[in-house]
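Step one of this worksheet: look at the structure below.
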Amino acid sequence: MKKYLYNIAMVAIVATIAISLTSCEKDSENYGSKEENNYPSEENDNVSYPNRLDVSCNGITFSLIKVKCGTFLMGSDNGPHNSNMVNIQEPVHQVTLTHDYYVGETQVTQELWQAIEGTNPSEYPGEHHPVETVSWNNCQDFISKLNKLTGIEFRLLTEAEWEFAARGGNLSKGYIYSGSNNYNEVVAQGSTTKDVATKKPNELGLYDMSGNVYEWCQDWYDQYNSAPQIDPKGPVSSSYGRVIRNGPFLAPWQIHTVFYRNYGSPNLKSRLVGFRLAVTIPNSSEEKDNEEIMPSNLDSYESVDLGLSVKWATCNVGAEKPEDFGDYFAWGETAPKSDYSWSTYKFTTDGGKTFTKYTGSDKTVLDAADDAATANWGSAWRMPTIEEMQELLDNCTWEWQAAGNTTFGGVAGYKVTSKKTGYTDKYIFLPTSGFRDDATLPDYGGFWSATLYADDAERAYDLGFRSWYKLWAHGCRFIGHSVRPVCP
């Protein structure tokens with residue numbers, strides 16, 4: 001099969017693919033090495049970029065989320081005014097970002113800062129609180145050290161990248177705050193900073209892009225202009241200082257909007273200001289030699305582009321055509337079996353009372369080694385997250401196909417057709433494959449996600465449906481469900 005061929009110096013990405021938050025894993029040795037993070041060498045031309053980048057360094061694990069490039073309207077004509085009664089969010093203007101990029105799932109924590117710098121300058125101590133009282137120059141020093149330890153080219157976000165990500169990228173629902181129109185759902189506020197990721201994430205799975213602390217951006221500050229821009233990076237210098245985005249824990253509601261902006265001297269240290277990491281994903285002809293277009297058929301398995309954040313496979317794992325049920329897998333297991341029960345489940349030895357992995361405090365999304373799609377179809381494929389299942393529910397028309405239909409071999413199920421402009425002729429078929437334990441429901445469709453149910457480690461999220469309903473739910477992990485893979 002033809003694949004993307006990259007000839008680049010940037011290190012590649014770890015195999016773990018997810019959107020949901022994973023906890024930090026503390027290793028005992030070999031911290032920060034490229035081998036630890038599973039990065040291919042520069043000679044490896046087959047580089048792929050999953051939706052999540054998990055990095056371990058000096059015993060701390062942190063995560064970044066992939067943001068696909070796109071075009072959006074930046075700024076606001078109704079933003080707050082500064083002390084001179086100037087709305088520095090004006091004018092609204094079109095911005096196009098041509099590179100995909102990674103964004104820190106959370107603000108940089110004090111735990112990570114101390115692991116790299118050896119000290120903690122923050123006024124509000126807490127290992128999972130965002131680091132603050134760090135200048136823009138301090139952030140550059142931290143990033144330089146982190147890059148040397150990991151081999152990854154971390155940086156600060158440009159202002160345009162920051163706002164695009166805060167708005168939810170291409171998945172944006174137009175919220176005034178990052179992830180909601182409800183201030184209390186997403187804004188961490190009070191008399192001090194809070195642990196990161198305690199509030200609802202935005203559409204991309206990013207936390208605290210409204211609230212907790214201000215965040216330094218890479219750009220020098222300048223007033224907007226109305227001309228459309230492509231990959232803006234700000235002026236070459238400015239007497240005002242560097243751009244600051246977001247709003248701190250004690251600010252009023254206007255300061256936490258996705259379009260609010262401020263600025264400060266690169267030497268400024270404030271208990272209100274922290275930062276978030278970014279990584280560029282090369283995707284232009286200037287950075288890739290001998291690139292070929294990614295085919296819709298990966299490793300002989302076909303996918304359909306529905307205009308969503310991922311492409312969906314046309315068949316279940318183990319199936320040869322869309323109406324086939326294929327194989328059944330317990331959540332986190334990669335091979336079918338005859339007995340689906342707690343007594344045969346891989347990650348428990350006491351009937352599901354406790355778990356040896358995916359306990360709810362260690363991981364919340366399947367590792368690639370435990371992903372039935374990846375294990376059976378190859379590294380280009382994985383199981384969808386619950387957020388990607390919700391995206392499928394929200395952005396497609398679900399048309400029930402009764403048993404005996406002539407279109408899908410008489411198999412009951414849903415024809416799922418994209419509602420996205422330019423993709424309305426694209427669809428997948430999800431059959432009523434039932435499930436396997438001590439009983440089956442032949443008129444039921446059940447498909448595993450890669451995401452653990454946050455409130456009960458005994459369960460994982462799944463997509464279930466019958467003719468009269470379709471929704472994500474959560475089932476006991478030992479149950480045998482179908483798996484419908486996704487790919488970039």
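Residue numbers run from 1 in the order of the sequence given.
- Rounded to the nearest 0.5 angstrom, Q110 CD and Y124 OH are separated by 11.5 Å.
- No side-chain N or O of D77 forms a donor-acceptor pair with one of N87 less than 3.5 Å apart.
- Crowding of K269 atom NZ: a count of heavy atoms from other residues, nucleotides or ligands under 6.0 Å not exceeding 12.
- Remark: aromatic rings of H93 and Y224 are close, center separation under 6.0 Å.
- E185 meets the side-chain hydrogen bond (donor to acceptor under 3.5 Å, both in side chains) test with S180; sequence neighbours excluded.
- The shortest distance between side-chain heavy atoms of E387 and W472 does not fall below 4.5 Å.
- Atom OH of Y240 is surrounded by 12 or fewer heavy atoms from other residues, nucleotides or ligands within 6.0 Å.
- No more than 12 heavy-atom neighbours from other residues, nucleotides or ligands sit within 6.0 angstrom of CG on N78.
- A donor-acceptor pair shorter than 3.5 Å cannot be found between the side chains of T193 and E132.
- For the residue pair S449/T385, the side-chain donor-acceptor check at 3.5 Å is not satisfied.
- The ring pair (Phe, Tyr, Trp, His ring centres under 6.0 Å) test with H256 is passed by exactly one of F249, Y214, Y183: Y183.
- Aromatic pair F154/F62: ring centres closer than 6.0 Å.
- To the nearest 0.5 angstrom, D208 atom CG is 14.0 Å from K200 atom NZ.
- Put simply, OG1 on T71 and CG on L97 are 7.5 Å apart, with the number rounded to the nearest 0.5 Å.
- Residues S309 and K68 share a closest heavy-atom pair of O-NZ, 2.6 Å.
- With values rounded to the nearest 0.5 angstrom, I65 atom CD1 is found 9.5 Å from N202 atom CG.
- Using a 4.0 Å cut-off between charged side-chain N and carboxylate O, E117 and K145 make a salt bridge.
- Checked by atom type, the side-chain pair D222/S238 shows no donor-acceptor distance below 3.5 Å.
- For the residue pair E388 and N51, a side-chain donor N or O sits within less than 3.5 Å of a side-chain acceptor on the partner.
- Atom CD1 of I255 is separated from atom CZ of R261 by 13.5 Å, given to the nearest 0.5 angstrom.
- Side-chain contact, N120 with S122: a donor N or O sits under 3.5 Å from an acceptor N or O.
- A distance of 10.0 Å separates SG of C217 from CD of E163, quoted to the nearest 0.5 Å.
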